[in-house]
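Presented below is the structure to which this report refers.
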There are 2 protein chains.
Amino acid sequence: MIRRPTLAVVAEAAGVSLKTASRVLNREPNVADATRERVLDAATSLGFRRNAVAADLARGGFSRLVGFITGDLANEFYSALASGIERELREHGLQLLTASSDEDPEREGSLTGELLERRVGALIVTPAGADHSALRGEIAAGLTVVVVDRPAAGMDVDTVVIDNRGGTRAAVDHLLAHGHRRIAFVGDAPHLWTYQERSAEFLAAMQDAGVPDAERWLRSGAHDAAAARDLVVELLAAPEPPTAVLAANNRATVGTLQALRDASGGDQVAVVGFDDFELADLLGITVVAYDAVEMGRRAAELAVARSADRDRPVELVVLPTRVVPRGSGERRPR
Amino acid sequence: MIRRPTLAVVAEAAGVSLKTASRVLNREPNVADATRERVLDAATSLGFRRNAVAADLARGGFSRLVGFITGDLANEFYSALASGIERELREHGLQLLTASSDEDPEREGSLTGELLERRVGALIVTPAGADHSALRGEIAAGLTVVVVDRPAAGMDVDTVVIDNRGGTRAAVDHLLAHGHRRIAFVGDAPHLWTYQERSAEFLAAMQDAGVPDAERWLRSGAHDAAAARDLVVELLAAPEPPTAVLAANNRATVGTLQALRDASGGDQVAVVGFDDFELADLLGITVVAYDAVEMGRRAAELAVARSADRDRPVELVVLPTRVVPRGSGERRPR
DNA sequence: CTGTTAGCGCATTCAC
DNA sequence: GTGAATGCGCTAACAG
């Protein structure tokens, strides 16, 4: 285990002071070309590599790391976010530190702590719980926090979300335009902000279309595909079965498709899913799509901007969605 | 922007020396209970948070960070890896630093540099290129490197891969057992180690089965779904069209399915895909499956083990695969 | 059980 | 253009 050369060693080898070596390696001006080259030569021949840990400590304040606390890295939505975040950070010479909360508020809290110990310059969070008192204190202490996917209740921070209401409205209108009236909404946990937004807009759109009591076809609890399937099976067996289903997220879509595959006449039921997925094209599933990578990129952008200017106004970025027709959403009721 | 209290401040508030405060906060023994409590009280009331940057520097050597260089974080395979890695690292008090190489060897090199500056204790890499000269030097200098998914040519490091040959053999045998002889293999870029393993075993298995000239049905270049589709379309139009297709990765599987959907009689062709995917179940696609999260976990485990014992023998972990029959692989030739 | 003395590797004054 | 001195916040020997 060889010891890495330090700046001091490089400086000595080049016959200059530590500070001059530091200037060269940080590309600072006011160094004679000859000196610069001597230092550079010494550095490469010694295999010097700067120590970012020491540099960050010396500089004081924050490190050049940004933390990302996500619900579940293995979920394709969150990994798309991470990908966009990482790409944008890199442009600014920042590195990404990721951590999974497993959607557990308590874990989210302890992860926040660990990342803060690392003195991250900013924290990008997909809030799991409702209580962010810990974070609030940190923000007061100067921490940059950006929230993605869902707003953090009661916190005045930069936020990036998609246009949940617009997407839902467009999906419902799409189905209405194809002649459907009995449209079901299959959503996940009622306490999620995205559920609330989407379900509320669903009801509003139905009401605007003159369909009374749309609550009949409103279901929640589809936190996974199996639960969604059960909900759809039950809907189909009810007195007034829906002729179309709006699945409120990608897991709900999978469950819906499973239920329809198994049901007699299931292939007659129209389906629109929220969230695009790779095989939707192959399966011919109409979806409400948006760009998750861009979402991450924008979040990172906001984090960088606020770190540079703590006094800028808090921003709320709402990304557009669009309906992508692929067949399943264009079936007409019989 | 408030200044965080340091250990020294906490110590003073508690009326003890810096070192004693350090002992308490690091849960070291040999501190009187009364003292311990005084320090803890001071720490919490001051809102103290240890500075991991300073701690790592003082400890010297490496930081408590582990780097992961992946091909593309947005790809579900890599994000599953990342998820497994992160989970295992957390158990050991380590944090994960992720970076995407975009499968570009040059980028892989510069990312390696950046992570090393951060003094990561270990590097987990999905090697993009063939040249790892930079890494080799670092390993000599004491860096722990673990390689996942594909071995790094000419480097004697801990490695985690799946049983590509066994999986391929099982898939071919599965198709043979269902009566197929004209089996096609649709693989991605020929320079990829996984391609070489899988294609070689495909040919060997065919030969063992007494099918001559299986090269007729061997294709490469399916780096994305569109390319795979073209390859399959061409295969089906040839004089001796295959009655079954073994798609060598998840993108190839998608392309194959697209081609079969569009071809007349395509629904007669059997399909087995390498790599499982969420909707394979719904689509009834038989696949060669394995556990990518576990793969990441094992890699992290190896990284931790080697960091603790630099002299342990280099390990090669080969994870099992299994054929999951779902219908598409059980069709018999007509 | 507790405190003192030195650094870790670098950046940052301020001189020269 | 260049350098000497000082400190970032903490850990690590040693002493007491």
Side-chain angles (χ1 to χ4, degrees), chain A residues 1-40 42-43 46-65 93 116-121, chain B residues 1-40 42-43 46-65 93 116-121 141-142:
Chain A
M1 175 113 135
I2 299 153
R3 194 170 184 65
R4 300 211 84 94
T6 69
L7 237 199
V9 175
V10 173
E12 184 171 6
V16 298
S17 78
L18 196 162
K19 176 57 192 168
T20 299
S22 165
R23 281 199 185 90
V24 172
L25 295 171
N26 286 323
R27 295 182 180 69
E28 288 175 28
N30 296 337
V31 179
D33 284 355
T35 317
R36 180 180 303 276
E37 246 177 85
R38 274 217 316 281
V39 174
L40 254 22
L46 288 169
F48 172 75
R49 193 149 256 157
R50 74 197 303 256
N51 185 329
V53 178
D56 279 345
L57 178 60
R59 205 173 358 246
F62 299 109
S63 65
R64 297 196 63 77
L65 297 172
L116 288 176
E117 292 185 356
R118 196 55 66 190
R119 291 300 187 267
V120 291
Chain B
M1 176 111 136
I2 299 151
R3 194 172 187 67
R4 302 211 81 96
T6 69
L7 236 197
V9 175
V10 174
E12 183 172 6
V16 299
S17 80
L18 197 162
K19 177 58 192 169
T20 299
S22 167
R23 280 200 184 89
V24 173
L25 296 172
N26 286 324
R27 296 180 180 70
E28 286 174 32
N30 295 336
V31 179
D33 283 356
T35 317
R36 180 178 304 276
E37 246 179 82
R38 274 218 315 280
V39 173
L40 254 23
L46 286 169
F48 172 77
R49 190 149 256 158
R50 72 197 298 259
N51 185 330
V53 177
D56 279 344
L57 179 60
R59 201 167 9 238
F62 300 108
S63 65
R64 298 196 64 77
L65 296 173
L116 288 175
E117 291 186 358
R118 195 60 60 194
R119 291 300 187 269
V120 291

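To find a chain, count down the sequence lines: A is the first, B the second, and so on, and within it residues start at 1.
- One atom, CZ of B/R119, and another, P of C/dG9, lie 8 Å apart when rounded to the nearest Å.
- Atom CD of B/E28 and atom P of D/dT11 are 8 Å apart (whole Å).
- A close approach under 4.0 Å does not occur between any side-chain nitrogen or oxygen of B/R4 and OP1 or OP2 of D/dG9.
- Looking at A/R119 and B/N51, their side chains come closer than 4.5 Å, going by heavy atoms from C-beta outward.
- Side chain of B/A32, nearest nucleotide from C/dT2, D/dT2, C/dG9: C/dT2.
- Across all strands shown, A/L57 has heavy atoms under 4.0 Å from base atoms, whether or not it also approaches the sugar-phosphate.
- The stretch residues 16-23 of chain B touches DNA chain C through B/V16, B/S17, B/K19, B/T20, B/R23, each having a heavy atom under 4.0 angstrom from the strand.
- When the side-chain nitrogen and oxygen atoms of A/N30 are compared with OP1 and OP2 of D/dT2, none of them lie within a distance under 4.0 Å.
- Under 4.0 Å is where a charged nitrogen must lie from a carboxylate oxygen, and between A/R118 and B/D56 at least one such pair does.
- When the nearest nucleotides of DNA chain C are assigned to A/R50 and B/A54 by heavy-atom distance, the more 5′-ward of the two goes with B/A54.
- When side chains are defined from C-beta on, B/F48 does not count as touching B/V9, because their heavy atoms never get closer than 4.5 Å.
- The separation between A/R59 atom CZ and C/dG9 atom C1' is 12 Å, rounded to whole Å.
- Distance, B/L25 CG to D/dC10 P: 9 Å, rounded to whole Å.
- Separating the CZ atom of A/R118 from the C1' atom of D/dG9 is a distance of 14 Å, rounded to the nearest angstrom.
- Rounded to whole angstrom, the span from the CZ atom of A/R49 across to the P atom of C/dC10 amounts to 13 Å.
- Side chains of A/V10 and A/V16 form no contact here, defined as non-hydrogen atoms less than 4.5 Å apart.
- Counting heavy atoms from C-beta outward, B/T20 and B/T35 have side chains that approach closer than 4.5 Å.
- Atom C1' of nucleotide C/dG9 and atom CG of A/D56 are separated by 12 Å, given to the nearest angstrom.
- Among the heavy atoms of the strands lying under 4.0 Å from A/N26 are primed sugar atoms or P, OP1, OP2 only; no base atom is included.
- A/A14 and A/V39 get closest at one heavy-atom pair: CB-CA, 3.8 Å.
- With rounding to whole Å, A/L7 atom CG is found 13 Å from D/dG3 atom P.
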